[in-house]
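Below: the structure, in C-alpha cells.
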Amino acid sequence: HSPKLWRVLSEVRVIAFFVAVFFLAMAMAVVDNFLFWFLSELCASETLLGLSLLFVALSEIPLFIYAGKIIARFGHTVVLCFVFACYVIRFASYSVLSSPWWVLPIELLHGVTFALMWATSVSYAKIIAPPSLEATMQGLLNGIYWGFGRGIGSVLGGQLYGLYGAQWVFRFCALGCFLCGCTYALAEWFTRRHERNQSASRRKSDSGEATVELVERTRQTELDMAASHEDGIDG
C-alpha cells in the first residue's frame, strides 16, 4: 500500500490540500486559544464569553446539515477558498473590535471556518484516498489538523501574542489566510490547467493514431481489391 499512498501524496493537488488544511488548523488554534484572552482585555463578562460559545455551537448546525449540498454545488476547491475568505473577515473583524459584544455576530462565521471546512476536508480526503487506504488518509488528515497544525498555531500564536498583542496577531492571521487562500487557489488553477492540456494532448494523440490506422486499413483494402481484380483478369 505504501507506493500507492506516496504516489497520491506526491501529487501537487494533494500537497496543496494538506498544506491548506495545516494553515486552517493554525488559524483555528489562534481563535481557540487567544480570543477569550483578548475579550477579557476588553472587559468582556463571563456571560458574554458563554454566549459567544453558544453562537459558535449554533453556527455549526446548519453548515454540517447542508455541507453535502454546498460541496456538490460549488466543489471542494471553491468551498475551501471561501473558508479562507471567511477567516480573513473573521480575523480582520477581531482586530478592530472596540466593544466585546460585537464578537457575537463575528462568531457566526465559525460555522463556515470549522463545520463547512471540516466536512469538505473529510470528503476530499475520502475522494483522493487510494482503494483500501481511506482510513489511512483520514488519519493523516486528523493528524495534520488536530495535531500538527493546531500545535504549531498555538505555539506561534502565543509567541506573537506576547510580542505584539492580540490585535496584531489577528491582523497577521488575516494576512496569512489571504495569502494562503490565494496560493491554494492558484495551485488548483495551474493543476487543472495542466490536466486539461494533458487531456487535450492525449485526445490529439489518440485521434492521430486512429487516423493512421484508418489510412493503413484503407490502403490494405485497396491492395486486396487490386489483387482480387488481377486474379479475376488472369482467370
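Here the structure is a predicted model, which means the values were calculated and not measured.
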### Message
Suppose we call two aromatic rings close when their centres sit under 6.0 Å apart. Are Tyr145 and Trp118 close by that rule?
### Response
yes
task: Answer with yes or no after comparing the ring centroid distance for Phe172 and Tyr164 against a 6.0 Å cut-off, counting only values under it.
output: yes
*Looking at the rings of Tyr94 and Phe38, which for Trp means the six-membered one, are their centres under 6.0 Å apart?*
no
* Asked: Looking at side-chain heavy atoms only, is the closest gap between Leu140 and Thr136 below 4.5 Å?
  -> no
If you define the side chain from C-beta out and look only at heavy atoms, does anything of Ser59 sit under 4.5 Å from Glu107?
no
Check whether any side-chain heavy atom of Leu108 lies under 4.5 Å from a side-chain heavy atom of Phe55, and answer yes or no.
yes
**Asked** So, do Val30 and Tyr161 sit near enough that their side-chain heavy atoms are less than 4.5 Å apart?
**Response** no
By salt bridge (charged side-chain N to carboxylate O under 4.0 Å, His left out), Arg13 pairs with (sequence neighbours left out) Glu188, Glu195
* What is the ring orientation for Phe84 with Tyr184, classed by angle as parallel under 30°, tilted 30 to 60°, or perpendicular over 60°? -> tilted
* Spell out, as yes or no, whether a donor-acceptor pair under 3.5 Å connects the side chain of Gln167 to the backbone of Val96. => no
Item checked: Any Met137 side-chain heavy atom under 4.5 Å of Pro130 side chain -> yes
message: Given 3.5 Å as the limit, does a donor-acceptor pair link the side chain of Glu134 with the main chain of Ser132, or not?
response: yes
- Query: Distance-only, no hydrogens or angles: does the Ser99 side chain make a donor-acceptor pair with backbone N or O of Trp102 under 3.5 Å?
  - Reply: no
side-chain contact (heavy atoms from CB on, under 4.5 Å) with Thr120: of Ile70, Thr77, Val79, only one passes, and it is Val79
- Does a side-chain heavy-atom distance below 4.5 Å link Arg73 with Lys69? no
**Message:** Measuring only between side-chain heavy atoms, which start at C-beta, is Phe178 closer than 4.5 Å to Thr183?
**Reply:** no
TODO: Determine yes or no for a side-chain-to-main-chain donor-acceptor pair under 3.5 angstrom, with Ser52 supplying the side chain and Leu49 the backbone.
DONE: yes
**Asked** Is it true that atom CZ of Phe64 has more than 12 heavy atoms of other residues, nucleotides or ligands lying nearer than 6.0 Å?
**Response** yes
Over 12 foreign heavy atoms within 6.0 Å of CH2, Trp168 | no
- prompt: Should we say atom CD of Gln159 is surrounded by more than 12 heavy atoms from elsewhere, each under 6.0 Å from it?
  reply: no
Crowding at CH2, Trp146 (>12 non-hydrogen neighbours, <6.0 Å): yes
* Under 3.5 Å, is there a donor-acceptor pair between the side chain of Ser123 and the main chain of Ala119? -> no
Legend entry - Side chains of Leu104 and Leu51 in contact at under 4.5 Å (non-hydrogen atoms): yes
